[in-house]
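Note that the structure is a prediction, hence the values are computed from the model and not measured. Starting from 1, each residue takes its place in the sequence as its number.
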Amino acid sequence: MNLADLCALTLLFSLLMYVWLDGADLGVGMLFFWFDDEEQKQRMVHSILPVWDANETWLVLVAGGLLALFPAAYSSLFSALYLPVFIMLLCLFLRALALEYRAQAAGEMRHWLDKLLPLSSALAAFCQGWCAGKVMEGQSLFGFSLYALLSGFGLMAIYLMLGCCWIRWRIGESVEERANTLAWFFWVVALVLFLALILLNPDPWQQTWHGWGKAICLFIAALWLMLLIALYRLGPKWQIAITLALIAAVMAGIAWGIYPWLIPQQIDLHNSAADQVTQIFVLTGVAIVMPITLIYHTWAFWVFHGKVK
């Protein structure tokens, strides 16, 4: 492993942390489509209100790290995907607006904020999946793509399933029955879309299947089955843990399958890396900032780990 590989692993870890943490928040926001009771909505918002803003830190680390460590990839990606990225950022801002001002709003204004929260969360999640799909496809980053479309909906389904597990854990009985039913539904949707994406673009997974990557593929299959069992027999903490493990395993499988490419068949990881001095400087900063960020997240989740009243 050289410095470029270490830089890529750092960005991959930051991206994984963002998907884990903000994925649950976006999932809870999208679940507003399925919950009408005011008390339930208020408790759903309170379950993510103390932590949502800190979760955005990982997205900043991904974007800033990509610019500093792999400027060629940053240029190509943001030149081609500027529209979905802009829409995603706008939706994240609108999601924040709805979350922070909902408690102060009343009447008609709260009604509109309750519409804005799930819409902005859904569109932000879809844009993230769309961008991931365009990169994974290994073709032109411009234009319409069925693969990117299904990838967008697939990420929405995973976030929604994660959100269902989250509110079962943080809120409990008042939402448990509906959240569990929805989690089953989104498990089916996510699995179908995952298999469809593999069929549409089998190349990365065929590459992953060789050598040690075969263990990752088998682990992913086992996690899908374990999650099904967890939804049927286990509590929400187990469901969250297995869902997070599944997300991590899928990301590891994708990274294994496209290595050494940053953008498959277009931009090579090693040839597009910044010079060695820049890599060392950025990695030194990351070695300081990342542990502090992890400690803060751990402390915040510990403080707010109880049921939302």
Item to check | Under 3.5 Å: donor-acceptor pair, side chain of E137, backbone of S145 | outcome: no
Checklist entry - Okay, side chain of T208, backbone of P204: is any donor-acceptor separation there less than 3.5 Å? => result yes
Next on the checklist: In this structure, is the centre-to-centre distance between the rings of F70 and Y74 below 6.0 Å?
Outcome noted: no
Checklist entry - Mind checking whether L92 and S120 have side chains closer than 4.5 Å, heavy atoms only? => result no
Checklist entry - Pairs in or reaching into residues 9-37: which pass salt bridge (Lys or Arg N to Asp or Glu O under 4.0 Å), with residues at least two apart or in two chains? => result D22-R95
Item to check | Main-chain N/O of M44 paired with S47 side-chain donor or acceptor, under 3.5 Å | outcome: yes
Next on the checklist: Centroid separation under 6.0 Å, is that true for the rings of W187 and W184?
Outcome noted: no
Next on the checklist: So, using side chain to side chain donor-acceptor pair (under 3.5 Å) as the criterion, who are the partners of Q239 when residues are at least two apart?
Outcome noted: R168
Checklist entry - Taking it one step at a time, do F185 and L160 satisfy side chain to side chain contact (heavy atoms under 4.5 Å, CB included)? => result CA-CA 10 Å; F185 172 73; L160 281 161; over 6 Å; no
Item to check | Ring centers of W238, Y232 separated by less than 6.0 Å | outcome: no
Item to check | Check: W58/H297 side-chain N/O donor and acceptor closer than 3.5 Å | outcome: yes
Checklist entry - Can you list the steps and then say if S14 with M290 is a side chain to side chain contact (heavy atoms under 4.5 Å, CB included)? => result CA-CA 9 Å; S14 299; M290 192 172 286; 3.4 Å; yes
Checklist entry - Counting only N and O atoms by type, is there a donor-acceptor contact under 3.5 Å from the side chain of S121 to the main-chain atoms of G29? => result no
Next on the checklist: With heavy-atom distances below 4.5 Å as the criterion, would you say the side chains of C7 and V282 are in contact?
Outcome noted: no
